[in-house]
Amino acid sequence: MATPAWQKKEGKNPKGGLNAKGRASYNRETGGNLKAPKKKKGSKRRKSFCARMKGMRKRQKPSNNTGQDRLSKSLRAWDC
């Protein structure tokens, strides 16, 4: 069985998170319902995502917090 796109470079967005192909692959494999990032400031989904991920950021080792890691890129993509 081949590795799904969401686990490979082709399914990842270079700016953080997954691209459309990666989200579609993840949804097919797991039965999930991943959606594209929301940048609208009033969005409840965005607010929830930012709160969860900022908490993860605090637990991250300082050596991993380079600004180029996947977590930092995702926070930028969601405009957190």
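Just the heavy atoms: all of them, side chains too, but no hydrogens, waters or symmetry mates, feed the values below.
- Panel note: side chain Asn13, backbone Leu18; no donor-acceptor pair is recorded below 3.5 Å.
- Scanning all heavy atoms of the two residues, the minimum distance from Trp6 to Ser25 falls at CD1-OG, 3.2 Å.
- Here Ser72 pairs with Arg57, Asn65, Asp69, Arg76 under the side-chain contact (heavy atoms from CB on, under 4.5 Å) rule; sequence neighbours left out.
- Every residue two or more places apart in sequence or in another chain that forms a side-chain contact (heavy atoms from CB on, under 4.5 Å) with Lys54 is listed here: Leu75, Cys80.
- Residue pairs that meet the salt bridge (Lys or Arg N to Asp or Glu O under 4.0 Å) test with at least one member in residues 12-23, sequence neighbours left out, are Glu10-Lys21.
- Ser74 and Gly17 get closest at one heavy-atom pair: OG-N, 3.4 Å.
- Pro4 and Glu29 make their closest contact through CB-CG, 3.8 Å (heavy atoms, listed as atom of the first residue, atom of the second, distance).
- Checked against side-chain contact (heavy atoms from CB on, under 4.5 Å), Lys44 has no partners two or more places apart in sequence or in another chain.
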Query raised in the report: Does the side chain to side chain contact (heavy atoms under 4.5 Å, CB included) test come out yes or no for Lys35 and Arg45, once each step is laid out?
Result: CA-CA 10 Å; Lys35 301 172 188 170; Arg45 202 169 130 242; 3.2 Å; yes
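- Listed by first then second residue, pairs satisfying ring pair (Phe, Tyr, Trp, His ring centres under 6.0 Å) with a partner in residues 31-80 read Phe49-Trp78, not counting sequence neighbours.
- For Lys47, the NZ atom is loosely surrounded, since the number of other residues' heavy atoms within 6.0 Å does not exceed 12.
- Residues passing the side-chain hydrogen bond (donor to acceptor under 3.5 Å, both in side chains) test with Lys41 are Asp79, sequence neighbours excluded.
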